[in-house]
Amino acid sequence: MSRKKIVAGNWKMNTDYNEAMALITNVFNASKTLINVEKIIFPPFPFLQSACEITKNETSFFIGAQNCSEHLSGAYTGEVSANMINSIGCSYVLIGHSERRLFFKETDDQLILKIKHALNHNLRIVYCVGEQLDERKNASHFDVVRAQLENVLNNFNELDLEKIHIAYEPVWAIGTGETATPDQAQEMHAYIRGVINKNFSAEAAEKINILYGGSCNSKNAKELFSCNDIDGGLIGGASLKADEFCKIMLSF
Ligand code: PGA
């Protein structure tokens with residue numbers, strides 16, 4: 001079975017309005033003929049609506065939020081709900097990024113609620129998992145990733161799972177310039193597919209898109225994307241340069 005190819009850009013807390021508009025316009029224009037690759041860009045909240053307007057008629061280019069609240073609405077100053085994100089034209093939300101887990105102490109219970117609200121508001125999800133350096137060193141990385149998958153995704157059914165992509169991002173590779181080797185990444189992606197097989201079905205495991213993230217760039221993307229179980233990338237730093245991101249989109 002051939003799965004969708006996906007390249008996603010996570011801009012994190014970078015760019016101002018003018019930089020964001022220039023970047024999205026450049027990436028969007030450069031990717032127009034590349035219809036066999038799904039593109040997803042996660043700009044900061046204030047730029048989402050304008051980004052959606054620029055990309056709205058394109059069926060292989062989507063805009064997503066980097067987070068959503070675990071609450072539906074109400075007195076939660078500073079929070080942004082799934083409904084708000086959907087109502088301005090976004091298609092995706094990123095859930096469980098390691099920076100949210102580590103710096104903002106997001107728990108599995110919160111991630112479950114975030115995914116529930118996102119699905120109820122017609123958003124698709126990129127759900128991030130990945131071990132820290134000490135966990136890889138003490139060889140608990142498979143257990144850590146399995147727990148991140150099972151504790152959260154087992155609260156959803158197979159139909160829900162069709163709206164979820166997984167991003168495997170080893171924390172030690174994020175923003176460090178140290179990429180997982182294609183063998184290390186492939187090994188974990190195959191393991192993740194096995195976890196989905198065990199908890200859902202062989203069909204669900206075969207269908208689910210698993211992206212690699214962590215210092216992925218135009219030099220290493222081709223080798224990573226050629227691995228059997230790697231369906232694309234979630235790109236941080238290299239998504240802030242239009243040229244570099246476009247080269248990654250062409251790396252399948
Ligand atoms: P990086 O970030 O590509 O800058 O390592 C990836 C991510 O955090 O999604």
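All values below come from the heavy atoms of this structure, side chains included, with hydrogens, waters and symmetry mates left out. Both counts, for ligands and for their atoms, begin at 1 and track the order of listing.
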Item to check | Nearest heavy atoms of Ala173 and Ser215, plus distance in Å | outcome: O-OG, 2.7 Å
Next on the checklist: More than 12 heavy atoms of other residues, nucleotides or ligands under 6.0 Å from CD of Glu19: yes or no?
Outcome noted: yes
Checklist outcome for this item: In ligand 1, the atoms that come under 4.0 Å of a heavy atom of His97 are 7 (C), 8 (O), 9 (O)
Checklist outcome for this item: For Ala173, the ligand 1 atoms with a heavy-atom partner under 4.0 Å come out as 5 (O)
Checklist outcome for this item: Looking only at non-hydrogen atoms, the one of Gly236, Gly175, Gly130 nearest atom 5 (O) of ligand 1 is Gly175
Item to check | 4.0 Å heavy-atom contact, Cys128 with ligand 1 | outcome: no
Item to check | Any Gly214 heavy atom less than 4.0 Å to ligand 1 | outcome: yes
Next on the checklist: Distance under 4.0 Å to a non-hydrogen atom of Asn10: what atoms of ligand 1 satisfy this?
Outcome noted: 9 (O)
Checklist entry - Should the heavy atoms of other residues, nucleotides or ligands under 6.0 Å from CD1 of Ile35 be counted, would the total exceed 12? => result no
Next on the checklist: With nothing but distance in play, are any N or O atoms of Lys12 less than 3.5 Å from an N or O of ligand 1?
Outcome noted: yes
Checklist outcome for this item: Of all protein heavy atoms, the one nearest atom 4 (O) of ligand 1 is Gly237 N, 2.8 Å
Next on the checklist: Are there over 12 heavy-atom neighbours, none belonging to Lys12, within less than 6.0 Å of that residue's NZ?
Outcome noted: yes
Next on the checklist: Salt bridge or not between Arg3 and Glu206? Use side-chain N to carboxylate O under 4.0 Å.
Outcome noted: yes
Checklist entry - Around atom CG of Asp243, are there more than 12 heavy atoms of other residues, nucleotides or ligands at under 6.0 Å? => result no
Item to check | Nearest-contact summary for atom 9 (O) of ligand 1 - protein heavy atom, Å | outcome: Glu169 OE2, 2.6 Å
Item to check | Contact check, Ser215 vs ligand 1, heavy-atom distance below 4.0 Å | outcome: yes
Checklist entry - NZ of Lys4: more than 12 outside heavy atoms within 6.0 angstrom? => result yes
